[in-house]
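One structure is given below, encoded as C-alpha coordinates.
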Amino acid sequence: MIFNKIDKNNFRDYSELNLFQDIYLEDSYVLKIIYTGSEILFVMDFVLKENHPQYQTPKNGEKYYYKNGVLIFNDIKIFEFCLRNVVSIDLDGAVDIGNIDFLIWSGERYILTGDWGDLDLVCKKLLINWI
(Lines give C-alpha, C1' and ligand atoms only; values in the text may rest on other atoms or scores of the structure.)
Protein backbone atom coordinates (compact mmCIF):
# COMPACT_ATOMS: atom_id res chain seq x y z
CA MET A 1 0.00 0.00 0.00
CA ILE A 2 1.27 3.44 -1.00
CA PHE A 3 0.50 5.08 2.35
CA ASN A 4 2.87 2.89 4.30
CA LYS A 5 5.76 4.39 2.30
CA ILE A 6 5.21 8.06 3.20
CA ASP A 7 5.46 10.39 6.16
CA LYS A 8 1.89 11.66 6.39
CA ASN A 9 3.04 14.56 8.59
CA ASN A 10 4.45 16.25 5.48
CA PHE A 11 1.03 16.26 3.77
CA ARG A 12 -2.16 18.28 4.18
CA ASP A 13 -5.79 17.16 4.03
CA TYR A 14 -7.82 17.76 0.85
CA SER A 15 -10.16 20.07 2.76
CA GLU A 16 -7.35 22.67 2.85
CA LEU A 17 -7.45 23.02 -0.96
CA ASN A 18 -9.77 25.79 -2.21
CA LEU A 19 -11.05 23.41 -4.90
CA PHE A 20 -12.67 21.22 -2.21
CA GLN A 21 -13.77 23.99 0.14
CA ASP A 22 -17.46 23.04 0.04
CA ILE A 23 -17.20 19.41 -1.12
CA TYR A 24 -17.38 16.34 1.09
CA LEU A 25 -15.34 13.61 -0.63
CA GLU A 26 -15.83 10.79 1.87
CA ASP A 27 -19.51 10.37 0.87
CA SER A 28 -19.06 11.31 -2.79
CA TYR A 29 -19.18 8.41 -5.26
CA VAL A 30 -16.52 7.48 -7.81
CA LEU A 31 -18.38 6.32 -10.93
CA LYS A 32 -15.46 5.74 -13.26
CA ILE A 33 -11.69 6.29 -13.47
CA ILE A 34 -10.13 7.14 -16.84
CA TYR A 35 -6.43 7.43 -17.75
CA THR A 36 -5.76 9.43 -20.94
CA GLY A 37 -1.96 9.39 -21.01
CA SER A 38 -1.56 12.90 -19.56
CA GLU A 39 -4.54 13.00 -17.19
CA ILE A 40 -6.36 10.83 -14.68
CA LEU A 41 -10.07 11.57 -14.51
CA PHE A 42 -12.41 10.60 -11.68
CA VAL A 43 -16.01 10.79 -12.90
CA MET A 44 -17.98 11.38 -9.71
CA ASP A 45 -21.17 12.22 -7.90
CA PHE A 46 -19.82 14.89 -5.54
CA VAL A 47 -21.48 15.74 -2.23
CA LEU A 48 -21.81 19.52 -2.10
CA LYS A 49 -21.99 21.30 1.24
CA GLU A 50 -24.58 24.02 1.84
CA ASN A 51 -22.13 26.87 1.17
CA HIS A 52 -21.19 25.59 -2.31
CA PRO A 53 -22.52 27.95 -5.02
CA GLN A 54 -24.19 25.03 -6.88
CA TYR A 55 -25.77 23.50 -3.76
CA GLN A 56 -29.46 22.63 -3.88
CA THR A 57 -31.80 21.01 -1.38
CA PRO A 58 -31.22 17.22 -1.38
CA LYS A 59 -33.76 15.02 -3.15
CA ASN A 60 -36.48 13.51 -1.01
CA GLY A 61 -35.02 10.68 1.07
CA GLU A 62 -31.37 11.68 0.45
CA LYS A 63 -29.04 13.06 3.09
CA TYR A 64 -26.87 15.09 0.68
CA TYR A 65 -27.08 17.04 -2.54
CA TYR A 66 -25.07 15.25 -5.25
CA LYS A 67 -23.63 16.97 -8.33
CA ASN A 68 -21.96 15.14 -11.22
CA GLY A 69 -18.49 16.27 -12.11
CA VAL A 70 -15.04 15.15 -13.18
CA LEU A 71 -12.02 15.49 -10.89
CA ILE A 72 -9.07 15.99 -13.25
CA PHE A 73 -5.41 15.45 -12.38
CA ASN A 74 -3.85 17.29 -15.32
CA ASP A 75 -0.34 17.17 -16.80
CA ILE A 76 0.77 14.13 -14.80
CA LYS A 77 4.52 13.79 -14.36
CA ILE A 78 4.62 10.43 -12.56
CA PHE A 79 2.14 8.12 -10.85
CA GLU A 80 1.73 4.81 -9.06
CA PHE A 81 -1.73 3.23 -9.27
CA CYS A 82 -2.97 0.10 -7.54
CA LEU A 83 -6.45 -0.59 -8.95
CA ARG A 84 -8.93 -2.92 -7.28
CA ASN A 85 -11.81 -4.32 -9.30
CA VAL A 86 -14.72 -3.31 -7.07
CA VAL A 87 -18.22 -2.46 -8.26
CA SER A 88 -21.20 -1.55 -6.08
CA ILE A 89 -24.78 -1.58 -7.33
CA ASP A 90 -27.21 0.44 -5.22
CA LEU A 91 -30.85 -0.46 -4.63
CA ASP A 92 -31.86 2.00 -7.37
CA GLY A 93 -29.50 0.30 -9.86
CA ALA A 94 -26.84 3.02 -9.76
CA VAL A 95 -23.30 1.68 -10.18
CA ASP A 96 -20.20 3.08 -8.47
CA ILE A 97 -16.74 1.91 -7.47
CA GLY A 98 -16.61 3.44 -4.00
CA ASN A 99 -15.55 6.73 -2.48
CA ILE A 100 -12.37 8.73 -2.09
CA ASP A 101 -11.82 7.82 1.54
CA PHE A 102 -8.54 9.67 1.89
CA LEU A 103 -6.88 12.44 -0.16
CA ILE A 104 -3.77 14.24 1.03
CA TRP A 105 -1.39 16.55 -0.81
CA SER A 106 1.94 18.32 -0.66
CA GLY A 107 2.92 20.73 -3.43
CA GLU A 108 2.14 18.94 -6.71
CA ARG A 109 1.91 15.48 -5.13
CA TYR A 110 -1.48 13.91 -4.35
CA ILE A 111 -2.23 10.61 -2.63
CA LEU A 112 -5.71 9.06 -2.69
CA THR A 113 -7.28 5.82 -1.55
CA GLY A 114 -10.70 4.20 -1.68
CA ASP A 115 -12.44 0.91 -2.44
CA TRP A 116 -11.33 1.38 -6.07
CA GLY A 117 -7.62 1.35 -5.13
CA ASP A 118 -4.69 3.63 -4.28
CA LEU A 119 -3.16 6.46 -6.32
CA ASP A 120 0.05 8.40 -5.72
CA LEU A 121 0.82 11.03 -8.35
CA VAL A 122 2.55 14.27 -9.21
CA CYS A 123 0.70 16.64 -11.52
CA LYS A 124 0.75 20.32 -12.42
CA LYS A 125 -2.97 21.05 -12.13
CA LEU A 126 -6.01 19.74 -10.28
CA LEU A 127 -9.51 20.86 -11.28
CA ILE A 128 -13.17 19.90 -11.32
CA ASN A 129 -15.36 20.16 -14.41
CA TRP A 130 -19.06 20.11 -13.55
CA ILE A 131 -21.36 18.05 -15.75
Side-chain angles (χ1 to χ4, degrees):
M1 185 175 192
I2 293 168
F3 305 104
N4 295 332
K5 302 176 190 175
I6 64 162
D7 179 1
K8 294 177 192 152
N9 294 322
N10 294 328
F11 288 81
R12 297 165 68 181
D13 186 71
Y14 80 89
S15 61
E16 295 182 46
L17 285 166
N18 287 337
L19 183 67
F20 296 110
Q21 184 175 359
D22 293 311
I23 296 174
Y24 184 55
L25 280 183
E26 291 84 352
D27 281 338
S28 299
Y29 293 104
V30 179
L31 306 176
K32 186 188 303 184
I33 301 171
I34 302 166
Y35 173 61
T36 68
S38 63
E39 299 175 324
I40 294 179
L41 314 172
F42 281 71
V43 180
M44 299 187 62
D45 271 341
F46 289 98
V47 171
L48 302 187
K49 297 178 184 176
E50 289 184 19
N51 289 333
H52 194 281
Q54 296 187 46
Y55 177 84
Q56 296 178 20
T57 303
K59 293 179 182 176
N60 195 17
E62 291 190 354
K63 183 177 179 179
Y64 301 113
Y65 173 69
Y66 294 91
K67 174 80 174 154
N68 285 44
V70 181
L71 175 59
I72 303 169
F73 295 90
N74 193 321
D75 196 8
I76 296 171
K77 297 177 185 177
I78 188 170
F79 72 94
E80 180 182 352
F81 202 172
C82 176
L83 186 61
R84 290 186 279 279
N85 193 13
V86 176
V87 175
S88 172
I89 302 174
D90 297 334
L91 293 175
D92 65 358
V95 176
D96 68 77
I97 56 175
N99 311 89
I100 295 177
D101 298 322
F102 187 80
L103 190 161
I104 56 176
W105 63 281
S106 178
E108 294 182 341
R109 185 176 179 195
Y110 301 88
I111 299 175
L112 304 82
T113 191
D115 293 335
W116 46 268
D118 305 311
L119 176 61
D120 183 349
L121 66 106
V122 175
C123 71
K124 288 207 178 240
K125 191 172 183 181
L126 179 63
L127 60 122
I128 295 174
N129 283 347
W130 298 108
I131 300 174

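- Counting all heavy atoms, side chain and backbone alike, Phe46 lies closest to Val70 at CE1-N, 4.1 Å.
- For Glu50, the CD atom counts as loosely surrounded, since its 6.0 Å shell holds 12 or fewer non-hydrogen atoms of other residues, nucleotides or ligands.
- Every residue meeting the side chain to side chain donor-acceptor pair (under 3.5 Å) condition with Lys77, not counting sequence neighbours, appears here in chain and number order: Glu108.
- With rounding to the nearest 0.5 Å, the separation of CD1 in Ile97 from CG in Leu31 is 8.0 Å.
- Nearest heavy atom pair, residue Asp45 against residue Tyr66, reads O-CD2, 4.0 Å.
- In this structure, OG1 in Thr113 is found 5.0 Å from CZ in Arg84, a value given to the nearest 0.5 Å.
- Using a 4.5 Å heavy-atom cutoff, the side chains of Leu25 and Ile23 are in contact.
- Here the straight-line distance linking atom CZ of Phe42 with atom CD1 of Ile72 works out to 12.0 Å at 0.5 Å rounding.
- Here Tyr24 pairs with Tyr14, Glu26, Asp27, Val47, Lys49, Tyr64 under the side-chain contact (heavy atoms from CB on, under 4.5 Å) rule; sequence neighbours left out.
- Ring planes of Tyr35 and Phe79: tilted class, angle from 30 to 60°.
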Would you please test Leu112 and Phe73 for side-chain contact (heavy atoms from CB on, under 4.5 Å) and show each step? CA-CA 12 Å; Leu112 304 82; Phe73 295 90; 3.8 Å; yes
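- A distance of 6.0 Å separates CH2 of Trp116 from CD1 of Ile100, quoted to the nearest 0.5 Å.
- Under the rule for a side-chain contact (heavy atoms from CB on, under 4.5 Å), the partners of Asn99 that lie at least two apart in sequence or sit in another chain are Tyr29, Asp101.
- Hydrophobic clustering places Leu127 together with Val30 (ILVMFWY residues linked when any side-chain heavy atoms are closer than 4.5 Å, directly or through intermediates).
- Every residue meeting the side-chain contact (heavy atoms from CB on, under 4.5 Å) condition with Leu19, not counting sequence neighbours, appears here in chain and number order: Leu71, Leu126, Ile128.
- Residues Leu48 and Trp130 approach most closely at CD2-CH2, 3.6 Å, considering heavy atoms.
- Evaluation of the side chain to side chain donor-acceptor pair (under 3.5 Å) rule for Ser15 yields Asp13 as partners, not counting sequence neighbours.
- Leu121 is connected to Phe81 through a chain of hydrophobic side-chain contacts under 4.5 Å among Ile, Leu, Val, Met, Phe, Trp and Tyr, so both are in one cluster.
- Of the charged side-chain nitrogens involved, at least one lies within less than 4.0 Å of a carboxylate oxygen, so that Arg109 and Asp120 count as a salt-bridged pair.
- Distance check, rounded to the nearest 0.5 Å: OH of Tyr65 to CD of Gln54 gives 7.0 Å.
- In terms of the side chain to side chain donor-acceptor pair (under 3.5 Å) criterion, Asp75 has no residue partners (sequence neighbours excluded).
- Rounding to the nearest 0.5 angstrom, the gap separating the CZ atom in Phe11 from the CG atom in Leu103 is 10.5 Å.
- Residues satisfying the side chain to side chain donor-acceptor pair (under 3.5 Å) test with Glu39, not counting sequence neighbours, are Asn74.
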